[in-house]
Amino acid sequence: MLDAFSIRPARQEDAATIKRMVRAAGLDPSSLHWPNFLVAEKDGRVIGVGQVKPYGGARELGSLVVLKPYRGRGIGSAIVRALIEREQDDLFLLCQDRLESYYAQFGFRRARLRDLRGVVKLKYMFAQMFRALFRARVIAMRRTSPPTPGPSPSPVEQYRQERGEGWPSGRGRG
């Protein structure tokens, strides 16, 4: 049975806990601004954190940490889904290559250098230059935002399209 926990926006009093958790996990300690975080909470205790870092030109999912006793219970996945739901644009992340399949389940796909933007691109290039220091292969991933749906066809247009009769309005026959 899954333990009951809740996810909520971080509060100022969570700032020290967030920093402690991220640093203890050995993750990127830069840009740890509590307003960007969501936290998972159980019985009044923060047990997981994650954020989207807003950079000019790109947004990066990062700082995902769940305390060891609570791992493997879907808490990290719940935080990722909640963060994604709040996003309108493409979302990037940098992670160890062993985590690729984990993030793929949320729609992230491996990104090439030319697909990256802004600070995310610079961070990725830095990680590649110092790969030996990190002792892990860092990859970049991207989740493209779903296309904005266009206007729905009128009932008459929809009827005609379903039956292959004529062209939708605004289109000629060529």
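Contact of the Lys53 side chain with the Lys123 side chain is registered, since non-hydrogen atoms from C-beta on lie closer than 4.5 Å. With contacts defined as side-chain heavy-atom distances shorter than 4.5 Å, the pair Leu64/Val80 qualifies. Contact of the Arg59 side chain with the Glu87 side chain is registered, since non-hydrogen atoms from C-beta on lie closer than 4.5 Å. When side chains are defined from C-beta on, Glu60 does not count as touching Leu91, because their heavy atoms never get closer than 4.5 Å. The shortest distance between side-chain heavy atoms of Gln51 and Leu38 does not fall below 4.5 Å. By the 4.5 Å heavy-atom criterion applied to side chains, Asp14 and Arg8 are counted as neighbours. At least one side-chain heavy atom of Asn36 sits less than 4.5 Å from a side-chain heavy atom of Pro54. The shortest distance between side-chain heavy atoms of Met141 and Leu99 does not fall below 4.5 Å.
A single hydrophobic cluster is not seen to contain both Tyr124 and Leu122; linkage of ILVMFWY side chains at heavy-atom distances under 4.5 Å, directly or through other members, places them apart.
The two atoms that bring Ala82 and Ile7 nearest to each other are CB-CG2, 4.2 Å, heavy atoms only. Smallest separation of non-hydrogen atoms from Val49 and Met21: CG1-SD, 4.0 Å. In this structure, Ile79 and Gly48 approach most closely via the heavy-atom pair CD1-C, 3.6 Å. What you find for Leu83 and Gly50 is that their closest heavy atoms are CD1-C, 3.7 Å. Heavy atoms only, all atoms of each residue included: Val120 and Ala58 are closest at CG2-CB, 4.0 Å.
Taking CG of Leu32 as the reference point, atom CZ of Arg23 lies at 6.0 Å (rounded to 0.5 Å). Going from atom CG of Leu61 over to atom CG of Leu94 covers 10.5 Å, rounded to the nearest 0.5 Å. Residue Ser101 holds its OG atom at 14.0 Å from CZ of Phe108, rounded to the nearest 0.5 Å. Residue Cys95 holds its SG atom at 11.0 Å from CG of Leu27, rounded to the nearest 0.5 Å.
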### Message
Working note: Arg117 + Arg142, criterion side chain to side chain contact (heavy atoms under 4.5 Å, CB included); need CA distance, chi angles, decisive distance, verdict.
### Response
CA-CA 10 Å; Arg117 295 187 227 143; Arg142 177 183 186 181; 3.2 Å; yes
#### Entry: side chain to side chain contact (heavy atoms under 4.5 Å, CB included) between Glu41 and Phe5, intermediate numbers included
CA-CA 5 Å; Glu41 187 177 61; Phe5 65 92; over 6 Å; no
### Query
So Arg110 and Asp97, salt bridge (charged side-chain N to carboxylate O under 4.0 Å, His left out) or not? Walk me through it.
CA-CA 9 Å; Arg110 193 179 288 224; Asp97 60 351; 5.6 Å; no
#### Entry: Derivation and outcome, side chain to side chain contact (heavy atoms under 4.5 Å, CB included), residues Arg45 and Thr17
CA-CA 10 Å; Arg45 179 176 183 216; Thr17 300; over 6 Å; no
### Task
Carefully, step by step, assess Val66 and Ile47 under the rule side chain to side chain contact (heavy atoms under 4.5 Å, CB included).
CA-CA 6 Å; Val66 175; Ile47 60 171; 5.6 Å; no
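Checked by atom type and distance alone, the side chain of Arg109 pairs as donor or acceptor with a backbone atom of Ala104 at under 3.5 Å. Formation of a donor-acceptor pair under 3.5 Å by the Arg143 side chain with backbone atoms of Phe92 is not found in this model.
Within a 6.0 Å sphere centred on CD of Gln105, other residues, nucleotides and ligands contribute more than 12 heavy atoms. The local environment of NZ in Lys19 is sparse, with at most 12 non-hydrogen atoms from other residues, nucleotides or ligands closer than 6.0 Å.
Using a 30° and 60° split on the angle between ring planes, Tyr102 and Phe106 fall in the perpendicular class, above 60°.
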